[in-house]
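Contents: one structure, followed by commentary.
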Amino acid sequence: MAKPKRFITTPIYYPNSRPHIGSAYTTIVADFFARLYRELAYGTYFLTGVDEHGEKIQKAAEAKGETPQQLVDEMASSFKDAWKRLGISYNRFIRTTEKSHEKLVREILMKVYEKGDIYKDVYEGYYCVSCERYYTEKELLPGLLCPYHHKPVEKKRIDAYFFRMAKYRDELLAYYRENPQFLPPKYKEEILNKMKDLKDICISRPVNQVSWGIRLPFDEEHVAYVWFDALLNYMSGLDDKMQFWPPDLQFMGKDILWFHAVLWPAMLISAGFALPKREIAHGFLTVDGKKMSKSLGNVVDPLEMAEKYSADTLRYYLLTKLPFGDDGDFSRAVFKEAHNSELLGHYGNLANRLVKLWHRVAGKAEIEQEGKLAVDECFAKLESLKAKIEELAASNDVESLLPFYANDVFMDGVGAINAYLNEKEPWRLEPSEAEPILRQALEAFLYVSTLLKPLLPASTSKIFSSFGYEPCVSELELGATLSKVKTIPKELFLFKRVE
RNA sequence: AGCGGGGUAGGGUAGCCUGGAGUGCCCGCCGGGCUCAUAACCCGGAAAUCGGUGGUUCAAAUCCACCCCCCGCUACCA
C-alpha cells in the first residue's frame with residue numbers, strides 16, 4: 001500500500017523586510033518535517049511564500065518611488081534567496097500577486113458570498129488623517145493617539161463586508177472535539193475561551209483606502225482585507241495538485257494561530273472544503289531574556305548566523321536547543337557550543353576520524369565487500385531508531401520527533417560509534433584485524449547519517465556526495481549501505497571550528 | 001484587568017496529560033583513559049530543597065489551592 005501524503009505549509013510572510021529569525025524558525029521547522037516525510041517516501045508537498053498585498057506594501061512602495069509590484073518583486077527575490085541559503089526545500093513558493101491566486105480568491109469569495117456568508121455592514125474604526133488609514137484601539141498610543149504622528153485620531157465609520165464567522169462556531173467546536181490533534185495543546189484553552197464570544201469578521205476595505213489588493217468579485221469598490229486573501233494561499237499554492245488537499249501540518253508562530261484555528265476552517269466550511277489536520281504553533285525567541293527588537297539592537301539575523309557558522313548549525317540550534325511551542329531564549333554562547341562541541345566535536349570529528357582511520361589502517365580506498373555486511377550487534381539498536389522515527393512520523397507526533405532526533409538519533413547514534421572506536425582501538429590493530437571493525441563503524445556512520453538527513457541536510461549531503469552514494473531512510477537497511485558506496489574520501493571536514 | 005503558557009544542577013532542555021527513589025540528555029566544570037581524529041573521542045565524578053506555601057495520597061517535579069516572578073494573547077493588526 002502506498003504511503004499517505006503530507007501537505008506541509010508555513011505562513012506566507014509579509015515581505016516588508018528581509019526574513020528575520022522568526023520566519024526562518026518557522027520555515028526551518030517546516031522544512032525539517034518536509035524532508036523527513038520525503039525520506040520516508042510519503043507523498044510530500046511543502047509550500048511557503050509571501051503575502052504581497054496590503055496597505056503597508058502600498059505605502060512602502062510610494063515612499064521608495066516604486067510601484068507596489070516592483071517592490072514585491074524585489075522582496076520575493078530576497079526571500080527566495082534567503083531560503084536558498086538556508087537550504088529550504090520547498091516545492092512551491094507562492095506569491096499572492098500571482099494571477100492564479102487572485103483568481104482563486106475571487107472564486108472562493110464568490111462562493112461564500114453566494115452562500116450568504118458575506119454581508120455588508122458598517123465598520124467603525126479610528127482614523128488618522130495624516131496616515132490616511134484606520135487603526136485598532138490596540139495599535140494606538142494611550143489617549144487614542146496615532147502611533148506615528150502622535151496626534152488624536154477620529155472615530156470613523158465606513159461600509160465594509162463581513163464574513164459570518166460566528167455562524168460556524170458549533171461546527172468548529174465539533175471539529176476540535178473530533179480532531180484532537182487539530183489545535184496545539186498549549187493553546188487549546190485559549191482558543192476555546194475565545195470561541196465563547198465569537199464574532200463576525202470584517203474582510204474588506206474600500207478601494208480608495210487600500211487599492212493594492214484583490215477586488216471583491218461582487219463589489220469592485222472593495223478589496224479583500226488580508227486574511228481572506230492570505231489564507232487561501234494554502235489552496236492556490238497547490239495549483240493543479242489538489243490531491244494533496246487538505247493541509248496536514250501547518251506551521252506558524254503563535255501570534256497567528258487564532259486565524260488559522262478559527263477563521264481559516266470557518267472559511268473552508270463555508271466554501272465546502274475539507275479542513276486541515278493540524279495547526280502547529282511555535283513560540284517566540286527572546287535574546288538574553290529580552291524581547292528581540294530593532295530599538296534594543298538585539299535582532300538576530302539568521303543569514304548572518306548561517307554564514308558565520310553554517311546553515312546546518314542554525315537549523316540544529318533552532319530544532320534541538322529550543323523548547324518547541326514555548327518561547328525560547330536565543331543564546332549566542334549556546335549556539336557556538338552547539339556548533340563547536342556538538343556538531344563539530346561529536347559528528348564532524350567522527351566523520352573525519354573514520355575516513356582517515358580507514359585509509360591509514362586498512363590502507364585501501366576500494367571497497368571489496370560484496371553484498372550485505374554483517375553488522376556488529378552493538379549497532380543493532382540503530383534499527384530501532386529508524387522504527388521509532390517511522391512510528392512518530394506516522395502519527396504526526398511533531399513534538400516528540402524533535403527531541404528524539406536531538407537525543408536519540410544524533411547524540412546516541414553518533415556517540416555509539418565514537419564509543420565503539422574507543423573500545424576496539426582499531427588503530428592499534430593489524431590492518432587485517434582493523435578493517436572489519438572500521439567497516440562496522442563506517443556502516444553505522446552512514447546509517448546514522450541517513451537518519452540525520454532532515455536535521456542536517458547540508459552536512460549529510462556533503463557526506464554522501466563524498467562517498468558517491470546517497471541512501472534514503474525508507475530504503476535504508478543496516479548492513480547494506482557501505483557496499484554501495486563508490487569511494488571513501490581521504491578526509492571529510494563537515495564543520496569549521498569557530499572561535 | 002481577563003484568558004493562556006512557563007519557572008527542573010552554572011547554562012540549555014526532557015520528564016508533567018496517564019503520580020512511584022531527582023530519572024534522562026547536551027554544554028560547562030573536576031578526575032581518569034586514549035592519542036586514530038578539526039585540543040577532537042571514551043569512561044567516571046561533583047553539582048538541583050524540580051519558583052514558594054499549604055493540601056490530597058502509602059507515595060508529588062508530576063494532581064489540587066493560594067502566592068511570587070517571566071512571557072504571550074485579547075480578534076475587523078498582514
Side-chain angles (χ1 to χ4, degrees), chain A residues 11-16 50-57 96 121 123-125 134-139 160-163 165 185-194 196-205 213 225-227 229-231 254-259 262-263 283-284 286 289 291 317 320-329 331 333-338 340-342 344-346 348-361 400 402-404 406-408 410-412 414-415 417-423 425-428 434 438 491-497:
Chain A
I12 47 175
Y13 303 109
Y14 204 64
N16 49 9
V50 281
D51 177 13
E52 302 186 305
H53 287 131
E55 192 175 14
K56 281 183 188 164
I57 296 287
T96 55
D121 204 339
Y123 167 66
E124 197 173 65
Y134 287 86
Y135 287 99
T136 56
E137 199 168 333
K138 180 189 159 194
E139 289 178 286
Y161 287 89
F162 288 74
F163 171 59
M165 186 158 65
K186 288 215 164 76
Y187 303 100
K188 188 173 183 174
E189 283 305 312
E190 198 163 333
I191 298 287
L192 291 179
N193 269 316
K194 286 195 213 171
K196 289 175 188 159
D197 186 29
L198 190 60
K199 290 181 225 148
D200 291 345
I201 187 167
C202 178
I203 57 156
S204 77
R205 280 294 151 88
Y225 201 44
V226 294
W227 287 103
D229 173 355
L231 286 165
K254 61 183 182 178
D255 54 331
I256 55 174
L257 176 64
W258 193 85
F259 296 97
V262 183
L263 171 60
F284 286 157
T286 54
K291 209 170 163 180
Y317 179 85
T320 70
K321 297 292 161 194
L322 297 175
F324 189 76
D326 293 321
D327 289 347
D329 193 45
S331 156
V334 173
F335 192 100
K336 184 176 165 184
E337 290 306 325
N340 285 335
S341 298
E342 300 182 22
L344 192 158
H346 288 251
N349 180 59
L350 173 64
N352 195 234
R353 184 187 192 191
L354 266 177
V355 298
K356 284 198 170 169
L357 258 177
W358 173 265
H359 285 102
R360 179 190 165 108
V361 177
S400 302
L402 291 171
F404 184 74
N407 293 330
D408 300 83
F410 185 86
M411 285 301 167
D412 291 352
V414 173
I417 304 169
N418 272 320
Y420 179 79
L421 289 177
N422 277 45
E423 187 204 327
E425 302 184 315
W427 50 89
R428 308 182 90 146
L438 292 175
E491 57 176 27
L492 191 48
F493 293 95
L494 300 179
F495 302 95
K496 277 187 198 139
R497 171 162 287 277

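Being a predicted model, the structure only gives us computed values, none of them experimental.
Nearest nucleotide to the A/Arg360 side chain, out of B/C36, B/G28, B/C77: B/C36. In the set B/C42, B/C77, B/G5, B/C77 carries the atom at the smallest distance from any side-chain atom of A/Trp227. For A/Lys254, counting side-chain heavy atoms from C-beta on, the closest listed nucleotide (B/C41, B/C76, B/C71) is B/C71. For A/Asn193, the listed nucleotide lying nearest its side chain is B/C3; candidates were B/C73, B/U38, B/C3. Side-chain proximity of A/Arg353 to B/A75, B/C76, B/C36: nearest is B/C36. Counting only heavy atoms from C-beta on, A/Lys356 has its side chain closest to B/A37 among B/C34, B/G28, B/A37. Ranking B/C42, B/U74, B/C76 by closeness to the A/Ala419 side chain, first place goes to B/C42. When each of B/G72, B/C77, B/A37 is scored by its nearest atom to the side-chain atoms of A/Phe259, the top-ranked nucleotide is B/C77. Which of B/C36, B/A75, B/C27 sits closest to the side chain of A/Ile201 comes down to B/A75.
Using a 4.0 Å heavy-atom criterion, one finds that A/Leu494 contacts the bases of the nucleic acid, with or without backbone contacts as well. If you check every strand for non-hydrogen atoms under 4.0 Å, A/Gly54 touches nothing. Using a 4.0 Å heavy-atom cutoff across all strands shown, A/His346 reaches sugar-phosphate atoms only and no base atom. Within 4.0 Å (heavy atoms only), A/Lys199 reaches at least one base atom of the nucleic acid. Nucleic acid contact for A/Asn352: base, since at least one base atom lies under 4.0 Å from a heavy atom of the residue. Contacts of A/Phe495 with the nucleic acid, taken as non-hydrogen atoms under 4.0 Å apart, include base atoms. Residue contacts for A/Lys194: at a heavy-atom cut-off of 4.0 Å it reaches a base atom on one of the strands shown. Looking at heavy-atom distances under 4.0 Å, A/Ile12 makes no contact with the nucleic acid at all. Here A/Phe162 lies in heavy-atom contact (under 4.0 Å) with a base.
Residue-to-nucleotide contacts include no donor-acceptor pair under 3.5 Å from the side chain of A/Asn349 to the base of B/C41.
Not a single donor-acceptor pair under 3.5 Å links the side chain of A/Asn407 to the backbone N or O of A/Asp412.
The gap from the C1' atom of B/G72 to that of B/C77 amounts to 16 Å, rounded to the nearest Å.
Atoms CG (A/Leu192) and P (B/G2) sit 20 Å apart, rounded to a whole Å.
Aromatic ring orientation, A/Phe259 versus A/Trp227: parallel (interplanar angle below 30°, classes split at 30° and 60°).
Dashed line: the shortest gap from a side-chain N or O of A/Arg428 to OP1 or OP2 of B/U35 is under 4.0 Å. Side-chain N/O atoms of A/Arg205 include none lying less than 4.0 angstrom from OP1 or OP2 on B/C76.
Both A/Ile256 and A/Leu198 sit near RNA chain B, but only A/Leu198 has its closest nucleotide nearer the 5' end.
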